[in-house]
Amino acid sequence: MASGTALIYDEAMTSHKLLWNDPICDIEVPERLSASYEQLQCYHLVERCVPVPAREGSEEEILLVHSSEHLEAAKSTQTMNEEELKRISGNYDSFFFHPNTYHCARLAVGAALQLVDSVMSGKVCNGMALVRPPGHHSQRNAANGFCLFNNVAIAAEYAKLKYGLQRILIVDWDVHHGQGTQYIFEEDPSVLYFSWHRYEHQEFWPSLKESDYDAVGLGKGKGFNINLPWNKVGMGNSDYLAAFFHVLLPVAFEFDPELVLVSSGYDSGIGDPEGQMNATPEVFAHLTHFLMQLAHGKLCVILEGGYHLKSLSESVCMTVKTLLRDPLPQVTGEMAPCLSAIESIQNVRAAHKPYWKWLTYEDTSFLHNLSTRSDLPKTADTNPCADDGAKITDSNETDKIERFLELHMKNVIFPVPPIRTATTAELKASAHLNTFPVHLHVVKEMDKNEIEALVSDFHADLVKTNKTLLSLGSTLTILDKILKKEVCNGIAESPAASASVAVALRHPLCFGFKECFASLLETCISFRTRKMEKYLSYIFARKNRLERAALNTILIDQRCVSEVNKKLFESHIMLGLGFFLPFFFPVLPMSIFSFMFVLNCFSLLLKDADGNDFFSAVLGFILPVAYSYQPNLIVIAVGPNRSLGISGISLLFGLLQGLAESRILAVIEDTDINLMQSVAKTLAGASVPHFGVHVPPTQEKVNQIKMLRNQLQQDWKMLQCSVNDGI
C-alpha cells in the first residue's frame with residue numbers, strides 16, 4: 001500500500017522574474033514559491049513529506065500539448081537581452097520573459113511529471129508540486145496569463161500515455177478560468193475538466209464567452225468541460241463547499257477518475273488582489289480532503305496562482321497538512337451560500353443535465369434573470385456575503401489581511417493528537433489487524449466491576465451478557481481518549497452496537513468530566529435501512545473540550561432498538577426526533593424542529609441505497625446538512641443487518657472525517673473481517689476502496705431528496721442548489 005506525501009520544490013524556479021515595470025505582471029513574483037516553502041518549514045511539514053527532485057521536462061513531453069512553433073519561440077528567449085525580451089513578451093497577453101524563463105518552465109513541467117510518476121508508481125499516495133511559472137492559461141501555441149507551458153495539461157497527457165489511463169479529473173480552483181486547459185481537452189472525453197472562476201458576466205479576465213456555464217465541451221467531449229462562473233466577488237467557504245456538494249463531487253464520482261490533478265490556484269482565497277474572494281485557508285483543506293476520496297487517493301496538486309503571500313502560503317500549508325492526513329480544522333463562517341453562487345450552480349446543473357446520469361431526474365432549469373446583472377432588477381439575497389473577511393478584502397490593505405490571517409490561523413490550527421486510531425486488543429486480533437500496514441493504538445480496557453457499577457442504575461437491562469459488558473468498557477475507553485484528544489478516532493466491536501453507543505454516550509462524566517456543560521446539544525443521524533426504528537443517542541461534553549457540545553450519531557442497522565428507546569424515554573429524552581436540548585430551554589426555535597425532522601429522514605435516504613442513490617443521499621443531503629450543522633463529534637454504529645456494502649460504509653467514514661476535526665467513534669456489530677479491516681484502514685488514513693460500477697439514481701430517491709431539500713433548506717442552507725427551490 002502506497003504511503004506518504006511527495007513535495008517538490010526547486011529554488012531554481014525563483015529565477016524567473018520581471019525585469020521591467022509592468023503593473024499587470026508585477027504580482028507574479030519569485031516570493032510566491034519561497035514564502036510558501038518557508039511557511040511549510042515553519043509548520044514542520046517539509047520534513048514530514050517525501051522529497052522528490054524536480055527535473056526539466058523534455059521537449060517531447062512539452063510537445064504532448066504544445067506546438068513546435070511555441071516551443072521554439074520559448075527556447076529562443078534564453079539568449080535575448082532585456083529589450084528583446086520585452087518585445088517578444090508584448091506578443092502575448094499578460095506574460096513576461098526572463099533569460100531563465102524557459103529553464104524554469106521546463107522545471108515546472110518536469111516537477112508535475114515527477115509528481116505523477118511518484119503517485120502512479122506507488123512511491124507515495126499523493127503530493128504537491130510548488131512550481132512557477134504557472135500553466136493553466138497556456139495554450140497550444142501561445143503563452144498567456146503568466147503561463148508558458150501548461151503543466152497540468154502536459155501531466156494529464158503524460159499520464160494517459162505512460163500509464164494507459166482512460167479517465168483523468170482536472171480540478172481548477174484558481175480564481176481565473178484556465179481557458180488553456182479547456183481548449184486542450186474540450187473534445188476529449190477522457191479528461192473531465194472542472195473550473196470555477198471569477199467571471200462577472202464576462203467582465204473579468206480573460207473575458208471569454210466560452211468561460212460561461214454553457215461551454216460544456218465539443219463533439220465527443222460534450223459534458224466533460226464544466227465551468228462554474230462566479231458573477232460577483234466575495235465568494236467564501238460556503239460557496240466553494242456548495243459547488244463541491246452540488247456539482248463537482250456528484251459528477252466526479254460518476255466519472256470515476258483514475259487520477260486527480262489539481263490546478264491549485266490560491267488567488268481564490270481571502271486577500272488576493274486578483275480574486276477579491278473571502279475563502280479562508282482551511283476551506284482548501286476540505287476541498288483537498290474530498291478529492292482524496294477519489295481515484296484510490298491518487299491526487300497530484302500543482303500550484304497555479306496566488307498573489308497575496310500570506311494567504312497563499314497558509315493555504316498551501318492547509319493543503320499539504322490534509323495530504324498528510326492530518327485532522328481537518330472546522331470551516332469558519334456561516335454555512336450559507338450566497339444567492340449569486342446558487343444561481344451559478346443552478347445553471348451549471350441545467351447545462352449538464354443531458355450528459356450526466358445523476359442529473360437525470362433533477363428538476364433543473366436555466367436561470368436568466370441573474371441577481372448580479374446590472375441591466376436587470378436586483379433580487380434580494382437571503383444569504384449575503386457579509387463577514388469580516390469581506391470587509392477586509394474590500395479595504396485592499398495587505399497589512400490588515402496579514403493581521404487577520406495571523407489571528408485566524410492561530411484559531412484554526414490545533415495540535416494533532418499523537419495517535420490516529422485506537423482500538424482494542426481483542427478486535428485487533430479477531431480482525432487480523434496485528435499485521436496491519438498502519439499503526440493502531442491498543443487501549444487498556446476497563447475493569448469488569450467498574451463497568452457493572454457504571455450501568456447498574458440505568459442501563460443494566462441493556463447489557464445482559466459479559467461480552468456486551470466488556471465491549472461497552474472498550475467503547476467507553478476509546479470515547480474517553482477521543483474526547484481528551486489523545487487519539488483522533490477509534491473503532492470498537494460490540495455484540496450490541498446500539499446499546500453500547502447509547503450507554504457510552506450517557507456516561508462520559510464517569511471519565512473525569514466533572515465540570516458540567518454550559519449548554520447541551522444532542523443530535524442523531526439515524527440511517528434506517530428497512531425496519532430500523534427511530535433511534536437516539538446523546539453526549540455530555542465538557543466545556544473547553546468540545547467548543548460546541550454537539551454529536552452526530554450515525555446508525556447503520558436494520559434491527560429494532562425499542563428497548564433503548566424505552567430507556568431513553570424514561571430519561572426524558574425526546575424520542576425519534578434526533579435532537580435534545582437541556583430541560584432548562586423552554587422554547588425550541590423552528591430551526592431545531594427542522595433538524596429533528598431532517599435526522600429522522602436520513603434513514604429513508606439510505607434505505608436500499610445502491611450506486612448513485614448512495615451518492616445522491618450523501619452528497620446531495622447528508623453532507624450539506626452536516627456541514628451546515630458543524631458537529632464536534634461523530635459516532636457511527638454499524639449493525640450486521642445492513643444494506644450498505646463495505647465500500648459504501650468506508651466511503652461514508654472517509655467523507656465524514658472532514659467534520660469534527662476527524663473525531664469519530666465507530667462501534668461495529670459484525671463478524672465480517674473485511675468490514676472491520678476496511679473501516680480501520682479508512683479511520684487510520686488509508687484510501688477508501690473503490691465504490692464499484694456506477695448506476696444512475698432512482699427517481700424515487702431523487703424525489704425524496706428534492707422534497708426534503710424544499711422543506712429544510714431555509715434552515716440548513718447548504719442544501720440550497722436552486723433559486724426555484726425556495727430562495
Side-chain angles (χ1 to χ4, degrees), residues 136-137 145 171-179 182 193-216 225-248 251 263 265 267-279 283 287 305 333-334 336-353 364-387 389-391 393-394 396 717-718 720-727:
H136 69 147
H137 297 305
V171 177
D172 189 338
W173 63 46
D174 191 280
V175 84
H176 300 91
H177 180 220
Q179 81 278 29
Q182 174 172 312
Y193 177 63
F194 171 88
S195 172
W196 68 36
H197 39 267
R198 183 177 170 187
Y199 187 61
E200 296 180 273
H201 308 290
Q202 206 176 326
E203 292 297 318
F204 186 71
W205 191 92
S207 305
L208 302 170
K209 179 65 178 74
E210 55 266 36
S211 300
D212 210 351
Y213 63 82
D214 53 357
V216 299
N225 187 84
I226 303 175
N227 287 332
L228 202 167
W230 300 130
N231 285 315
K232 60 180 287 188
V233 298
M235 296 295 173
N237 297 341
S238 58
D239 303 301
Y240 290 1
L241 290 170
F244 265 53
F245 294 152
H246 300 301
V247 178
L248 176 58
V251 172
S263 278
D267 43 8
S268 51
I270 190 169
D272 193 275
E274 286 288 290
Q276 298 183 37
M277 300 300 180
N278 292 325
V283 79
L287 305 182
E334 183 185 5
C338 71
L339 174 60
S340 180
I342 298 168
E343 291 172 341
S344 293
I345 288 169
Q346 176 176 339
N347 279 335
V348 172
R349 288 161 62 100
H352 284 271
K353 182 175 181 177
T364 56
S365 59
F366 289 105
L367 186 67
H368 300 291
N369 297 328
L370 301 180
S371 62
T372 48
R373 287 280 298 274
S374 58
D375 56 332
L376 294 171
K378 296 291 183 183
T379 303
D381 188 344
T382 59
N383 307 327
C385 296
D387 55 21
K391 298 173 185 175
T393 299
D394 290 342
N396 205 23
K717 295 182 183 296
M718 291 304 294
Q720 298 171 347
C721 61
S722 169
V723 174
N724 293 334
D725 281 349
I727 302 300

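Every heavy atom of this structure was used, including side-chain atoms; hydrogens, water molecules and symmetry mates were not. Quick note: residue numbers are just sequence positions, from 1.
- Put simply, the side chain of I226 reaches to within 4.5 Å of the side chain of V348, judged on heavy atoms.
- Contact check for L287 versus W173: side-chain heavy atoms found under the 4.5 Å cut-off.
- Side-chain N or O atoms of D267 include one that pairs as donor or acceptor with a backbone N or O of V175 at under 3.5 Å.
- A donor-acceptor pair is defined here as one N or O able to donate and one able to accept, closer than 3.5 Å; no such pair exists between the side chain of Q346 and the backbone of T364.
- Considering only heavy atoms from C-beta on, S263 stays 4.5 Å or farther from D174 through its side chain.
- No side-chain heavy atom of M235 sits less than 4.5 Å from a side-chain heavy atom of W196.
- Contact detail for G145 and W205: the closest heavy-atom pair is CA-CH2, 3.6 Å.
- Side-chain atoms of V251 and L248, non-hydrogen and from C-beta on, never get closer than 4.5 Å to each other.
- Between R198 and V233, some side-chain heavy-atom pair lies under the 4.5 Å cut-off.
- Contact annotation: the side chain of H352 approaches that of V216 to within less than 4.5 Å [non-hydrogen atoms, C-beta and beyond].
- Taken to the nearest 0.5 Å, the CH2 atom of W230 stands 6.5 Å off from the OG atom of S344.
- S238 meets the side-chain hydrogen bond (donor to acceptor under 3.5 Å, both in side chains) test with no other residue; sequence neighbours excluded.
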From CA spacing to verdict: side chain to side chain contact (heavy atoms under 4.5 Å, CB included), D214, F366: CA-CA 10 Å; D214 53 357; F366 289 105; 5.7 Å; no
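- Listed here is the closest heavy atom pair of A242 and M718: N-CE, 3.5 Å.
- The two residues G275 and D272 make their nearest non-hydrogen contact at N-OD1, 3.3 Å.
- Side-chain contact between E343 and N231: absent, with no pair of heavy atoms (C-beta onward) separated by less than 4.5 Å.
- Not a single donor-acceptor pair under 3.5 Å links the side chain of H197 to the backbone N or O of S268.
- For H136, there are no ring-ring contact (aromatic ring centres under 6.0 Å, His included) partners, not counting sequence neighbours.
- Separating the CG atom in D172 from the CG atom in L228 is a distance of 12.0 Å, to the nearest 0.5 Å.
- No donor-acceptor distance shorter than 3.5 angstrom exists from the side chain of Q720 to the backbone of I342, with no hydrogens or angles considered.
- Listed here is the closest heavy atom pair of Y213 and A351: O-CB, 3.6 Å.
- Considering NZ of K232 and CG of L339, their distance stands at 7.5 Å, rounded to 0.5 Å.
- The structure places CD of Q179 at 5.5 Å from CG of L208, a figure rounded to the nearest 0.5 Å.
- Between the D239 side chain and the C338 main chain, a donor and an acceptor come within less than 3.5 Å of each other.
- F245 meets the ring-ring contact (aromatic ring centres under 6.0 Å, His included) test with F290, Y627; sequence neighbours excluded.
- By the ring-ring contact (aromatic ring centres under 6.0 Å, His included) test, H246 pairs with no residue at all, sequence neighbours left out.
- The distance between the ring centers of F204 and H176 falls below 6.0 angstrom.
- Annotation: salt bridge (charged side-chain N to carboxylate O under 4.0 Å, His left out) contacts of E210 (sequence neighbours excluded): none.
- In this structure, D212 contributes its side chain and K209 its backbone to no donor-acceptor pair below 3.5 Å.
- The side-chain hydrogen bond (donor to acceptor under 3.5 Å, both in side chains) check on H177 picks up Q182, S211, N227, with sequence neighbours excluded.
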